[in-house]
Amino acid sequence: MRRGALIVFEGCDRAGKSTQCRKLVEALQAKGKAAEAMRFPDRTTVIGKTIGSYLEKKMEMQDNAVHLLFSANRWELVPYMQKLLNQGTTLVVDRYAYSGVAFTAAKQGFDLHWCKQPDVGLPKPDLVFFLDINLEEAEQRDDFGEERYESTLFQKKVKDNYDQLKESTWEFLDASQSIEDIHCSALDIAEDIVDGELCTPMEKLWI
Ligand code: TMP
Ligand code: MG
């Protein structure tokens, strides 16, 4: 049986990732393909609830420790992801290890190398969409500024870090286009991957 594809959306806060994930899952399902949405952090688990409190600024946590929690939150869901992928379900994931690295490395005293280590060996995405947003535009969008990390200065550093994480699996989408236009581009590219030759077993990230 064909495995599902692992598709990830990345980008700065308010780039429109969640909307695009939802639309892509709906479109794939409408075409008869098994697809499911996931997101990181997954705030429903015990680890995810702690991360949620930290992001909502209800608690403080040492920076290395919270970085490891974000990574642990991905690892705890790997068995679930593997199961669905092996059953032929495509996963469309809102943020992944690239967010982990880009955000922590934007903090004082962190480098990309250290930040990548806990996520080394995770299932490697077949496709990563990077929603490229102009930071002044992101700032204007709803709710910007409520959670931790949502400041323009921080997001600028995040964006620079993303630039250093680009891989051949990445596709850049201009986030200033209309929701529909972005969706059409993403669906075209995603379908090629979902219907194409998927390498089995899956590759491992950053190995
Ligand atoms: P969300 O707004 O997509 O739910 O993401 C929550 C915030 O957490 C967002 O600012 C990005 C940040 N983040 C990390 O710092 N490390 C990670 O590993 C992930 C997945 C997100
Ligand atoms: Mg957010």
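As the structure lists them, so they are numbered: ligands from 1, and atoms in each ligand from 1.
- At a heavy-atom cutoff of 4.0 Å, ligand 1 is contacted by no atom of His67, backbone or side chain.
- Of the candidates Arg95, Arg14, Glu150, it is Arg95 that places a heavy atom closest to atom 5 (O) of ligand 1.
- In summary, Asp42 and Arg74 do not engage in a salt bridge, as defined by a charged side-chain N under 4.0 Å from a carboxylate O.
- One finds the CZ atom of Arg43 at 12.0 Å from the OH atom of Tyr54 (value rounded to the nearest 0.5 Å).
- Ring geometry for Phe103 against Tyr149 counts as tilted: the plane angle lies between 30° and 60°, on a 0 to 90° scale.
- A perpendicular orientation is assigned to the rings of Trp170 and Tyr98, their planes being inclined by more than 60° (bins at 30° and 60°).
- Under 4.0 angstrom from ligand 1, there are no non-hydrogen atoms of Ile51.
- Backbone and side-chain nitrogen or oxygen atoms of Asp13 are examined, and one is located within less than 3.5 angstrom of a nitrogen or oxygen of ligand 1.
- Thr90 and Glu36 share no side-chain donor-acceptor pair at under 3.5 Å.
- In the vicinity of Gly100, heavy-atom distances shorter than 4.0 Å reach the ligand 1 atoms 16 (N), 17 (C), 18 (O).
- For the pair Arg95 and Phe9, the cation-pi test (distance below 6.0 Å, angle within 45°) is failed.
- Remark: ligand 1 atoms within the under-4.0 Å shell around heavy atoms of Arg74 are 17 (C), 18 (O), 20 (C).
- The proximity of Arg43 to ligand 1, defined as any non-hydrogen pair under 4.0 Å, is limited to the side chain.
- In summary, the atoms of ligand 1 found under 4.0 Å from a heavy atom of Pro41, numbered by their order in the structure, are 5 (O), 6 (C), 20 (C), 21 (C).
- Judged purely by distance below 3.5 Å, without hydrogens or angles, the side chains of Ser176 and Glu137 never pair a donor atom with an acceptor atom.
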_side-chain hydrogen bond (donor to acceptor under 3.5 Å, both in side chains) evaluation trace for Tyr162 with Glu10_ = CA-CA 9 Å; Tyr162 271 128; Glu10 284 285 359; 2.6 Å; yes
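- Regarding atom 17 (C) of ligand 1, its nearest protein heavy-atom neighbour is Phe70 CD2, 3.1 Å.
- Of all atoms in ligand 1, numbered sequentially from 1 with element shown, those under 4.0 Å from a heavy atom of Arg39 are 1 (P), 3 (O), 4 (O).
- With a 4.0 Å heavy-atom cut-off, ligand 1 is reached by no atom of Lys17.
- The six-membered or imidazole ring of Phe40 lies away from that of Phe70, with a centre-to-centre distance of 6.0 Å or more.
- Contact atoms of ligand 1 toward Phe40: 20 (C) (distance under 4.0 Å to a heavy atom of the residue).
- Residue contacts with ligand 1 for Ala97 are absent, since no atom lies close enough (heavy atoms, distance under 4.0 Å).
- With a heavy-atom cut-off of 4.0 Å, Leu55 touches ligand 1 through its side chain alone.
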